[in-house]
Number of protein chains: 2
Amino acid sequence: LNPATTHKRTPGRRPGDSGTKDAILVAARRSFAEKGRDGATVRGVAAEAGVDPALVLHYFGSKEKLFAAATELPIDTARLLEQVLPGDPEGLGDRMLRFTLGAWQQVRFQETLSALIRTALADSAGAEVARERLEERILAPLAGATRQPDGELRAALAFSQGIGMAIARHLIGIKALAELDDERLRALVEPNLRRYLSGDLGSDPG
Amino acid sequence: LNPATTHKRTPGRRPGDSGTKDAILVAARRSFAEKGRDGATVRGVAAEAGVDPALVLHYFGSKEKLFAAATELPIDTARLLEQVLPGDPEGLGDRMLRFTLGAWQQVRFQETLSALIRTALADSAGAEVARERLEERILAPLAGATRQPDGELRAALAFSQGIGMAIARHLIGIKALAELDDERLRALVEPNLRRYLSGDLGSDPG
């Protein structure tokens with residue numbers, strides 16, 4: 001289901017263009033974000049993408065499947081499982097940071113994260129879908145990797161820092177964060193992630 | 001280009017309704033988020049709010065002023081200056097958390113925060129406006145209150161945690177965070193904020 005990484009906006013797009021599927025996904029994300037899961041229509045998405053509704057159904061099968069593709073998680077969860085989760089829980093925060101900072105280099109990661117947040121903000125149906133996917137595919141595995149009984153809470157706390165940093169540094173572009181190189185950022189944030197993921201949450205780390 | 005003006009919320013709204021101004025702001029946030037600062041028009045906002053364009057201009061004066069009102073910051077910066085910033089820098093994170101958790105009780109705070117994030121995500125013009133306002137009206141005063149030479153960086157790091165928690169707990173609604181009461185959340189997050197705002201960032205707090 002992974003579309004090409006180029007996202008052209010050219011109107012008059014023809015079936016067969018390599019970017020067509022992507023254009024439909026971009027239009028779908030916008031429609032779902034604007035109108036909600038119920039309000040958006042295949043016809044509306046097609047109009048916004050400049051294609052025939054039949055082509056949308058050809059690629060995605062149904063509005064529900066289009067919704068699933070458009071709200072896909074921004075990270076490769078298979079690679080997350082392989083590269084981040086195994087190993088010492090003490091180093092989990094550092095591995096999470098390296099993985100995320102690496103992923104951020106990809107335009108597709110940024111776009112999908114924006115889409116996910118937009119979907120979550122759009123309406124309660126969108127938030128519900130975003131939440132379920134995150135909990136099932138990212139937070140639950142991360143919780144397990146902490147090897148702690150309160151792993152679910154720890155994973156959620158770490159996630160709150162991770163997503164906040166992505167938004168503040170990249171999507172809003174707060175200068176003091178945007179100008180940091182990845183190495184320095186990692187040194188600044190890692191101890192806070194480590195407290196959340198493997199520290200003593202009852203005690204005071206400062 | 002964007003045929004999204006078809007989803008009227010409250011058709012037939014009359015001038016003089018107490019909610020008219022609010023309806024215009026809601027429509028304006030949606031329009032600015034969808035079409036960007038340049039693409040949105042007073043006419044389009046008026047159509048979406050179900051009012052006459054003249055009424056939009058009557059209330060807000062111009063598209064630029066409407067944009068300013070629609071992207072207003074979610075917190076009362078005068079109260080921030082009074083209640084959070086003065087005092088011991090060691091307690092700054094705790095005061096920031098109490099203030100934010102209190103503000104969160106107000107529907108208006110949640111709506112304006114969502115609008116702000118949506119504006120930042122919508123396009124680079126939106127992100128630019130959101131960034132400038134945040135830096136000038138929240139981050140710069142917060143940086144000063146840390147009384148540290150690297151206060152700007154510290155304020156930005158604390159902001160990344162704060163906005164991430166608001167999004168994860170409230171907008172996405174991650175269960176492990178949503179089910180915490182404010183008191184417990186404060187105990188969990190405050191040490192991390194304290195490290196950012198007044199701790200030794202070079203050293204390891206874990």
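Lettering of chains follows the sequences in order, A, B, ..., and the numbering in each one begins at 1.
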List the atom of [X], the atom of [Y], and the distance in Å for their closest heavy-atom pair.
X: B/Met165; Y: A/Ser160; answer: CE-OG, 3.4 Å
X: A/Lys175; Y: B/Arg131; answer: CE-NH1, 3.4 Å
X: A/Ala176; Y: B/Leu153; answer: O-CD1, 3.8 Å

Quick one: OH on A/Tyr196 to CG on B/Leu188, what's the gap to the nearest 0.5 Å?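 It is 7.5 Å, given to the nearest 0.5 Å.
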
Can you tell me how far apart CG (B/Leu177) and CD (A/Glu152) are? Round to the nearest 0.5 Å.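 The CG atom of B/Leu177 sits 9.5 Å away from the CD atom of A/Glu152.
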
Does any backbone or side-chain atom of A/Glu135 lie under 4.5 Å from a heavy atom of chain B? Answer side chain, backbone, both or neither.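 The side chain, not the backbone.
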
Heavy-atom distances under 4.5 Å only: say whether A/Leu134 touches chain B with side chain, backbone, both or neither.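 For A/Leu134, the contact with chain B is made by the side chain alone.
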
Among A/Ile172, A/Val189, A/Leu157, which has the most heavy-atom pairs under 4.5 Å with chain B?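 Sorted descending by pairs with chain B, the first entry is A/Ile172.
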
Which of A/Gly173, A/Gly164, A/Ser198 touches chain B most, by non-hydrogen pairs under 4.5 Å: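 The answer is A/Gly164.
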
Under a 4.5 Å cutoff for heavy-atom pairs, which residue among B/Ala168, B/Ala187, B/Ala156, B/Ala155 has the most contacts with chain A?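 Of the candidates given, the most pairs with chain A belong to B/Ala156.
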
What option among B/Asp150, B/Leu185, B/Ile167, B/Ile174 has the most heavy-atom pairs under 4.5 Å with chain A?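 Most heavy-atom pairs within the cutoff with chain A belong to B/Ile174.
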
Are any of the side-chain heavy atoms of B/Asn192 and A/Arg195 separated by less than 4.5 Å?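 Answer yes - side chains close enough.
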
Verify the neighbour count for atom CD of B/Glu183: are there more than 12 heavy atoms of other residues, nucleotides or ligands below 6.0 Å?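 Not more than 12 within 6.0 Å, no.
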
